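The chains referred to below are lettered A, B, ... by the order of the sequence lines, with proteins before strands, and numbering in each begins at 1. All values reported here derive from a predicted model rather than from experimental measurement.
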Protein chains: 2
Amino acid sequence: MQRNTRQRAAILETLSRQEDFRSAQQIHEQMRSDGETVGLATVYRNLQALSRSGRLDVLVAGDGESLYRQCEDTGHHHHLVCRECGRTVEFLAPKLEASMTAIAQEHGFTEVDHTLEVFGLCTEHAAQSAAEDEGGTR
Amino acid sequence: MQRNTRQRAAILETLSRQEDFRSAQQIHEQMRSDGETVGLATVYRNLQALSRSGRLDVLVAGDGESLYRQCEDTGHHHHLVCRECGRTVEFLAPKLEASMTAIAQEHGFTEVDHTLEVFGLCTEHAAQSAAEDEGGTR
DNA sequence: GTACGTGCAAAACATTTGCAAAATT
DNA sequence: AATTTTGCAAATGTTTTGCACGTAC
């Protein structure tokens, strides 16, 4: 099981050229405009399979849409994502992991797992967005 | 704006009798079986309004479904949720907040916000589930 | 040659929305 | 009486699925 199809290769290739988290539809669209012929269902099926096997990171956006990204760190890590441009920074937080394990233990919980995603504005979009919020420059 | 309708009151009442996180559909179903007559759209609209005003906590499940719950702590806090029964423990983690702010700052991110949810097995479901995973007792 | 993967269109979901009728203030 | 809320059904948007066909092995 798990064959090397042209589509699977193309999806992986597209992902490797991708910086930020992208939805299945965005990835599909990207591929189409790159001249690839792939069905949307195939993109969905492969993204799912790839994330299941840990080769892809999944992030559930606030509206429930799933976003995918090929991360550099293959182990457990978290993301700092820019709300404006999707720019992503991976980070580790061992202390954080430890305190979460401790809290879980205090309450008798086992087999603990967690999701942590941090959203903010990267350097490039911080000032700009603040200005917009005020309705323009002073 | 914001009138006191029978439906809104019923929704709040139903939520107050609720221990765990529930989806809009589950809440609607619950109300129907309690004899309330409410439209599903009304439940959605009210849950949304209530969470917007901070009277309700929202949790986006892994599959993108939104789950609601009336929490005791009205401020910022996190959840430790049992994967089996949905049992929820609220907790604060100031150290964690601090280190996340620090990490964001290191990377120049501002207006930082984060989502953190911890999933595990509560005391009641820990052993049982472990046995199931092995396909029975040794 | 056979089993797995693909493509398409239809189905399945959760959620949102338009609009007329009903209820609140 | 004015205006918000409701209820229903239809619309929306994402993801899944059934099934015939194509393809990797």
ask   = Between residues 17-38 of chain A and DNA chain C, which residues have a heavy-atom gap below 4.0 Å?
value = A:Thr37, A:Val38
Whole angstrom value for the distance that separates C1' of D:dT5 from CZ of B:Arg6 = 11 Å
With a 3.5 Å cut-off and sequence neighbours excluded, list the donor-acceptor pairs that the side chains of residues 38-46 of chain A form with protein atoms.
{"from": "A:Tyr44", "atom 1": "OH", "to": "A:Gln25", "atom 2": "NE2", "distance (Å)": "3.2"}
{"from": "A:Asn46", "atom 1": "OD1", "to": "A:Arg8", "atom 2": "NH2", "distance (Å)": "3.2"}
{"from": "A:Asn46", "atom 1": "ND2", "to": "A:Thr42", "atom 2": "O", "distance (Å)": "2.9"}

key: B:Glu13 with B:Arg17: basic N within carboxylate O range, under 4.0 Å   = yes
request  = Please check the phosphate of C:dC4 (OP1 and OP2 only) for any side-chain N or O of A:Thr5 closer than 4.0 Å.
outcome  = no
ask   = Quick one: B:Glu65 CD to D:dT16 P, roughly how many Å, whole number?
value = 14 Å
remark   = Note: B:Leu67 and B:Ala61 closest approach over all heavy atoms is CD1-CB, 4.0 Å
Interatomic distance, A:Asp63 CG vs C:dT15 P [rounded to whole Å] = 11 Å
message = Would you compute the distance between atom CE of A:Met31 and atom OG1 of A:Thr14 and round it to the nearest 0.5 angstrom?
response = 4.0 Å
request  = Please confirm whether any donor atom in the side chain of A:Arg3 sits under 3.5 Å from an acceptor in the base of C:dA3, or the reverse.
outcome  = yes
inquiry  = Just the rounded figure in Å: distance from P of D:dT3 to CD of B:Gln2.
reply    = 18 Å
ask   = Hey, does the side chain of B:Gln7 come within less than 4.0 Å of D:dG7's phosphate (OP1/OP2), counting only N and O?
value = yes
task = List for me each residue that meets salt bridge (charged side-chain N to carboxylate O under 4.0 Å, His left out) alongside B:Asp20, sequence neighbours excluded, and say none if there are none.
result = B:Arg22
query = Which part of the nucleic acid, if any, lies within contact of B:Asn4, taking any heavy atom under 4.0 Å across all strands shown: a base, the sugar-phosphate backbone alone, or nothing?
reply = sugar-phosphate
message = Is it true that, when you exclude A:Glu19 itself, more than 12 heavy atoms of the residues, nucleotides or ligands shown sit nearer than 6.0 Å to its CD?
response = no
task = Take the C1' atoms of the five end pairs on each side of the helix from C:dG1-D:dC25 to C:dT25-D:dA1, derive the two axes, and give their angle rounded to 10 degrees.
result = 30°
ask   = Counting only non-hydrogen atoms, which of residues 40-50 of chain A are less than 4.0 Å from DNA chain C?
value = A:Ala41, A:Thr42, A:Arg45, A:Asn46
Atom CZ of B:Arg32: over 12 foreign heavy atoms under 6.0 Å = yes
Among A:Gln18, A:His79, A:Glu90, the one residue meeting side chain to side chain donor-acceptor pair (under 3.5 Å) with A:Arg69 = A:Glu90
inquiry  = Is it the case that atom CD in A:Glu29 sees more than 12 heavy atoms from other parts of the structure closer than 6.0 Å?
reply    = no
Table please: side-chain donor-acceptor pairs of residues 92-99 of chain B below 3.5 Å, with sequence neighbours left out.
{"from": "B:Glu97", "atom 1": "OE1", "to": "B:His76", "atom 2": "NE2", "distance (Å)": "3.1"}
{"from": "B:Glu97", "atom 1": "OE1", "to": "B:His114", "atom 2": "NE2", "distance (Å)": "3.0"}
{"from": "B:Glu97", "atom 1": "OE2", "to": "B:His76", "atom 2": "NE2", "distance (Å)": "3.3"}
{"from": "B:Glu97", "atom 1": "OE2", "to": "B:His78", "atom 2": "NE2", "distance (Å)": "2.8"}
{"from": "B:Ser99", "atom 1": "OG", "to": "B:Lys95", "atom 2": "O", "distance (Å)": "3.2"}
{"from": "B:Ser99", "atom 1": "OG", "to": "B:Leu96", "atom 2": "O", "distance (Å)": "3.1"}

task = Could you tell me whether the side chain of A:Arg87 and the main chain of A:Leu80 form a donor-acceptor pair under 3.5 Å?
result = no
